[in-house]
2 protein chains.
Amino acid sequence: MPALSKRDQLVNTALAMFTRDGFHSTGINGILEEAGVAKMTLYKYFKSKDELVVAALRLRDERFRDWFMQYVEADDAGPRERLLRVFDALNLWFNDKSVPGDKFRGCTFVNAASEYHDIDNPVRSLCAEHKRMMSMYLRGLVVQAGLRNPDSLAQQLNLLVEGAISNAYVCGDKNSALTGKAAAEALIKAAG
Amino acid sequence: MPALSKRDQLVNTALAMFTRDGFHSTGINGILEEAGVAKMTLYKYFKSKDELVVAALRLRDERFRDWFMQYVEADDAGPRERLLRVFDALNLWFNDKSVPGDKFRGCTFVNAASEYHDIDNPVRSLCAEHKRMMSMYLRGLVVQAGLRNPDSLAQQLNLLVEGAISNAYVCGDKNSALTGKAAAEALIKAAG
DNA sequence: TATAAAATATACCGATCTGTATATAGAGTT
DNA sequence: AACTCTATATACAGATCGGTATATTTTATA
C-alpha cells in the first residue's frame with residue numbers, strides 16, 4: 001500500500017489536531033512538526049491556514065458520513081429499524097466506538113462553527129452543508145419507512161440527533177443517544 | 001444610577017466580545033481598549049484571562065437564565081402552556097428578540113465548550129453546570145404539568161431544546177424552535 | 001546520467017499574544 | 001498636608017502566530 005502523499009499527511013494530521021485541540025488553538029507550526037512536513041510544502045498545497053481547515057473538514061465529512069451510513073444500513077435491517085439505528089450509531093460515536101482511536105469531542109462541524117463566527121467564511125458554509133446532508137439522509141430514511149408527514153418528522157428527528165450530540169459533549173452525558181432513541185420511537189409511533 | 005465598577009466594565013465588555021468573536025480570537029488587549037481600562041487594573045481583579053472568561057460566563061448564565069425564566073413564566077400561563085413557552089422563548093432568542101442588541105450566535109456555553117477541550121478546565125465545568133440548571137428547570141416545568149415519567153420526558157424535551165439551538169446556529173435555521181415545539185407537543189400528548 | 005520536480009532547511013518578517021515591572025497620577029480620608 | 005487606595009501610562013519580556021524569501025537537497029523520470 002502506497003504511503004500517503006505529503007498533502008494527505010498534512011490534512012490527516014491537521015484534522016486530528018483540530019479535533020483534539022480546536023482550530024485557533026492549533027498552530028501551523030505544530031501541525032508541520034507532528035506531520036513531519038516542511039512549511040514550504042504546506043504553502044505549496046494551500047494558500048492559507050483557512051484552506052487547510054477547509055480541506056480537513058472535507059475529509060472529516062467524507063469519513064464520518066461514510067461510517068455513519070455504513071453502520072445504519074448494515075445488518076439488513078428493515079426501514080423502520082434502520083431509522084432507529086441512527087441513534088445506535090450515535091451511541092457508538094459518543095462512547096468512542098465509531099472510528100478506532102477516535103475520542104469523542106463533539107461534532108467537529110459544530111465546533112468549527114463555534115470558532116468561525118463570520119457567516120461568510122467558507123468554513124461556515126461547509127459546516128452548514130454537512131448538517132444539511134446529514135438531515136437529508138435522515139429524511140430519506142423517514143421516507144423509506146413510509147411514515148406520514150416525512151418532512152416534518154425528519155426535521156423533528158434531526159433535532160433529537162443534534163440535541164443528543166450537543167448534550168453528550170457539553171454535559172458528558174454518554175447516554176443521550178438512547179434518550180434520543182426513546183423520543184424518536186415515541187414520535188414515530190405517533191406518526192403511524 | 002451609579003456607573004459600573006471597573007471590574008464590571010471589564011466583564012461586560014469581555015462577554016460581549018467573547019460572544020461576538022469567540023474566546024481565543026478575542027485578545028486581552030482588545031478587551032482593554034474597548035472597555036477603556038488599563039491592563040494593570042485587569043490583573044488586579046483577575047489572575048489570568050481564563051478567570052475573566054469564567055467571570056464573563058457567569059454573567060451570561062445569570063442574565064440568560066433570568067430572561068428565559070421570566071419569559072416562560074410571564075402571562076400567567078397554565079403549567080402546560082408554560083412548558084411550551086420554552087420553545088417560544090427559543091424562537092425569540094434565535095430571531096434576535098431576547099435581550100436588545102443581542103445578535104444570536106448560538107449558545108455561549110456550547111461555543112465555550114467547543115473552544116476549551118480540556119474537560120478539567122473550570123470553563124467546561126461552568127458550561128456543564130449551566131446546561132444542568134437549564135435541564136433541571138425544564139424538569140420542574142414537566143413535573144408542574146403533571147405528566148407521566150417526568151424525568152424521562154424532561155430529558156427528551158431537553159434534547160429538542162439543545163437540538164434547536166444547535167440547528168439554529170450551525171444551519172441558520174431560524175425556524176428550528178417551532179420545529180422543536182411541534183415535536184414537544186407530540187411527546188407531551190403521547191405522555192398523557 | 002542529465003534534468004525537472006518535489007521537498008527540505010533555515011532564516012526571517014511584522015504582528016500579536018499573555019503577563020509583568022515600574023513609576024506616576026488622581027481621589028478620598030484622616 | 002500626609003496617607004491610602006485605585007487606576008493609569010509606558011515599556012517590556014518571551015513566546016507564538018501566519019506567512020515569505022532564499023537556497024539547497026532529495027527524488028523520480030527521461
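Hydrogens, waters and symmetry mates are skipped; everything else that's a heavy atom, side chains included, is used. Residue numbers start from 1 in every chain, and the chains themselves are labelled A, B, ... in the order their sequence lines are given, proteins ahead of strands.
Between S48(A) and dG18(D) there is no side-chain polar atom (N or O) within less than 4.0 angstrom of OP1 or OP2. Using a 4.0 Å cut-off, no side-chain N or O of K44(A) falls inside it from OP1 or OP2 of dT8(C). Regarding contacts with the backbone of dA7(D), every side-chain N or O of K6(B) stays at 4.0 angstrom or more from both OP1 and OP2.
Considering only side-chain atoms of M40(B), the nucleotide from dA7(C), dT8(C), dT20(C) that sits closest is dT20(C). Residue N29(B) has its side chain nearest to dT18(C) when only dT8(C), dT18(C), dT8(D) are considered. Nearest to the side-chain atoms of A38(B) among the listed nucleotides dT8(C), dG18(D), dA9(D) stands dA9(D). Looking at the side chain of Y43(A), the nearest of the listed nucleotides dG18(D), dT18(C), dA21(C) is dG18(D).
Atom CG in L42(A) sits roughly 15 Å away from atom C1' in dA6(C) (whole-Å rounding). Atom pair E33(A):CD and dC17(D):C1' shows a separation of 15 Å (rounding to whole Å applied). If you take CD1 of I28(B) and C1' of dA15(D), they are 16 Å apart, rounded to a whole angstrom. If you take CG of L4(B) and P of dA7(D), they are 13 Å apart, rounded to a whole angstrom. Spacing between atom NZ of K39(B) and atom P of dT6(D) amounts to 21 Å, rounded to whole angstrom units. To the nearest angstrom, P of dG19(C) lies 11 Å from CD1 of I31(B). Atom CG of L52(B) is separated from atom P of dC17(C) by 14 Å (rounded to the nearest Å). Atom CG of L32(B) and atom C1' of dT20(C) are 14 Å apart (whole Å).
Here G30(A) lies out of heavy-atom contact (under 4.0 Å) with every strand. No engagement by F46(B) is indicated, since no non-hydrogen atom pair under 4.0 Å with the nucleic acid exists.
For K49(B) against dG19(C), no side-chain N or O and base N or O form a donor-acceptor pair under 3.5 Å.
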### Message
Test ring pair (Phe, Tyr, Trp, His ring centres under 6.0 Å) on F18(A) and H117(B); report intermediate values, then the result.
### Response
CA-CA 11 Å; F18(A) 289 148; H117(B) 286 218; over 10 Å; no
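At a threshold of 4.5 Å between non-hydrogen side-chain atoms, the residues F68(B) and W93(B) do not count as touching. With a 4.5 Å cut-off on side-chain heavy atoms, L83(A) and L138(A) count as touching.
For the pair F87(B) and L157(B), the tightest heavy-atom approach, listed with the atom from each and the gap, is CZ-O, 4.3 Å.
The closest donor-acceptor contact from the side chain of T26(A) to the backbone of G22(A) lies under 3.5 Å.
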